[in-house]
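So the structure is just underneath, and the comments pick up after that.
Order of listing sets the numbers, starting from 1, for every ligand and every atom in it. We number each residue from 1, following the sequence as shown. Note that the coordinates shown come from a computational prediction; the quantities given were computed from them, not determined experimentally. Keep in mind that the numbers below use all heavy atoms, side chains included, and drop hydrogens, waters and symmetry copies.
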Amino acid sequence: MDLKSTKASPILPDPAPINESRPGIHSSLFPYSQSGPSFSTSGPLIQRKKPAKLDDVQSNDWLDAMKSSSPPHKKAIDLMNRYPSTLKSFETIMDRARNRKLVMFLDYDGTLSPIVDDPDLAFMSNDMRFALKGVAKYFPTAIINGRSRNKEYELVGLKELYYAGSHGMDIMFLMRDTLSKNHRNYVKSTDHAGKDVNLFQPAIEFLPMINEVVKNLFEILKDIKGAKVENHKFCVFVHYHNVDENGWPVIAQYVHDILKDYPRLRLTHRRKVLEVRPMIDWNKGKAVEFLLESEVRFSNRHDVLPIYIGDDKTDEDAFKVLKKRNCGYGILVCNIPKESNTVSSLRDTAEVIRIQG
Ligand SMILES: O=P(O)(O)OC[C@H]1O[C@H](O[C@H]2O[C@H](CO)[C@@H](O)[C@H](O)[C@H]2O)[C@H](O)[C@@H](O)[C@@H]1O
């Protein structure tokens with residue numbers, strides 16, 4: 001990545017006026033949408049009352065999106081024609097890795113730990129930890145996930161890794177004075193071993209706003225049985241895995257009511273999770289480019305072989321970067337057919353352990 005480009009702000013320009021063609025729902029609730037009022041840090045007044053009508057979410061796509069993002073678990077289908085098993089091409093990958101600097105990127109949820117209904121119980125196995133430690137001994141290894149950086153570290157617990165939390169909006173990397181001087185998105189800090197590190201936080205100006213939203217969501221959803229709000233520093237997640245489907249419209253309306261006052265935050269639908277994050281041009285792919293550049297000075301080197309293993313839609317941004325640069329390998333962890341920018345796949349976390357072993 002061109003270093004100069006990291007100095008340009010990834011913050012998207014102020015949104016345009018409200019989209020009148022979507023009555024009843026604020027257009028900021030659609031990805032990269034355009035919408036009204038300017039940046040507010042004072043925050044809306046949240047009144048904890050049951051939404052009288054559910055017009056906003058019912059007359060729009062919210063409920064449909066919640067349902068279609070949360071289908072019942074499908075039976076595993078053979079993916080081998082579409083994305084052949086990485087286990088089969090592993091020798092080829094290792095051949096290409098000879099005389100090159102391999103750099104490993106991994107997602108956490110669904111990649112290092114199996115997907116479970118309660119996000120607090122998404123632990124990785126000791127076998128996985130052991131395998132990961134083995135990889136990190138020889139190659140720079142980074143975890144890039146939607147959770148907060150601290151949470152990632154708490155779950156993985158290996159000091160020798162790089163951690164990029166909040167979908168890459170909170171990257172910890174080693175000191176490079178040339179990179180870190182006088183930029184508002186760089187923060188000096190220390191890692192878990194007390195070593196000096198830099199943080200790159202492209203959404204740092206959104207922090208007060210996100211904190212307000214977290215507070216309001218906790219307050220308004222606290223009595224909804226099964227609803228869970230997760231604060232992941234630069235993103236917030238509302239899980240409704242354990243909420244009865246009749247309660248989904250109420251959750252949708254509450255979240256909608258809060259977000260309509262924050263046009264610079266966007267909402268995405270994931271499987272039984274609503275996700276709120278800053279509307280900035282930054283994602284896991286940009287985080288990969290950033291780490292490759294800051295840690296291995298990638299742009300001047302042809303001997304670097306990045307491998308990215310992930311299972312989620314958000315990992316596709318990283319797969320796309322590798323594909324566009326025509327370098328390295330994106331590996332999809334998946335046991336159902338879906339569109340992806342990878343060329344090979346692993347079925348589950350057990351296979352992720354195998355290729356690291
Ligand atoms: O980095 P990602 O792969 O995009 O995932 C980030 C999210 O991970 C967690 O949610 C996912 O795993 C949960 C535990 O297995 C599961 O319950 C949920 O359905 C998955 O979406 C985490 O809870 C979220 O806050 C993260 O955003």
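Checking Glu230, Lys313, Arg271 against atom 25 (O) of ligand 1, the nearest heavy atom belongs to Glu230. The residue from His167, His239, His232, Lys228 that puts a heavy atom closest to atom 10 (O) of ligand 1 is His239. Summarising the contacts of atom 18 (C) of ligand 1 with Lys284, Lys272, Arg147, His241, the nearest heavy atom is found in His241. When the heavy atoms of Tyr240, Phe123, Phe237 are ranked by distance to atom 27 (O) of ligand 1, first place goes to Phe237.
Under 4.0 angstrom from ligand 1, the non-hydrogen atoms of Asn145 come from both its backbone and its side chain. Only the backbone of Pro114 comes within contact range of ligand 1, with a heavy atom under 4.0 Å; no side-chain atom does. Proximity of Asp107 to ligand 1, defined as any heavy-atom pair under 4.0 Å, is confined to the side chain (atoms from C-beta onward). Here Asp117 has backbone heavy atoms under 4.0 Å from ligand 1, and that is the only part of it that gets that close.
The protein heavy-atom contact nearest to atom 21 (O) of ligand 1 is Arg270 NH2, 3.7 Å. Here the heavy atom of the protein found nearest to atom 20 (C) of ligand 1 is Ile115 CD1, 4.0 Å. The single protein non-hydrogen atom nearest to atom 14 (C) of ligand 1 is Val116 O, 3.3 Å, given as residue, atom name and distance. Atom 8 (O) of ligand 1 has Asp109 OD2, 2.9 Å as its closest protein atom, hydrogens excluded (heavy atom only).
Numbered from 1 in the order shown, with element, the atoms of ligand 1 that lie under 4.0 Å from a heavy atom of Asp312 read 3 (O), 4 (O). Taking every non-hydrogen atom of Ala122 and a distance limit under 4.0 Å, the qualifying atoms of ligand 1 come out as 14 (C), 15 (O). Listed by number with element, the atoms of ligand 1 under 4.0 angstrom from any heavy atom of Pro119 are 14 (C), 23 (O).
Between Tyr153 and Tyr163, the ring-plane angle classifies as perpendicular under the 30° and 60° cut-offs. Relative ring orientation between Tyr308 and Phe319 is described as perpendicular, the plane-to-plane angle rising above 60° on a 0-90° scale split at 30° and 60°. Ring geometry, His239 versus Phe237: the interplanar angle falls from 30° to 60°, so the pair is classed tilted.
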As a quick check of understanding, evaluate ring-ring contact (aromatic ring centres under 6.0 Å, His included) for Trp282 and Phe234, giving each step before the final call. CA-CA 12 Å; Trp282 195 262; Phe234 294 104; over 10 Å; no
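The backbone N or O of Asn341 lies less than 3.5 Å from a partner atom in the side chain of Glu316, making a donor-acceptor pair.
Put simply, Ile171 and Phe206 are part of the same group of oily side chains (I, L, V, M, F, W, Y) that touch within less than 4.5 Å, one to the next.
Exactly one of Val238, Val250, Ile251 qualifies for a side-chain contact (heavy atoms from CB on, under 4.5 Å) with Val243. That residue is Ile251.
Asp127 and Ser125 are not linked by any side-chain donor-acceptor pair at a separation below 3.5 angstrom, with hydrogens and angles left out of the test. Residues Asp257 and Gln253 have side chains that bring a donor and an acceptor to within less than 3.5 angstrom of each other. Side-chain contact of Ser166 with Lys233: a donor-acceptor pair under 3.5 Å is absent, judged by distance alone.
For a threshold of 3.5 Å applied to N or O pairs, the pair formed by Glu275 and ligand 1 contains no separation below that value. Any N or O atom pair closer than 3.5 Å counts here, and Gly146 shares at least one such pair with ligand 1.
The NZ atom of Lys320 sits 9.0 Å away from the NZ atom of Lys323 when rounded to the nearest 0.5 Å.
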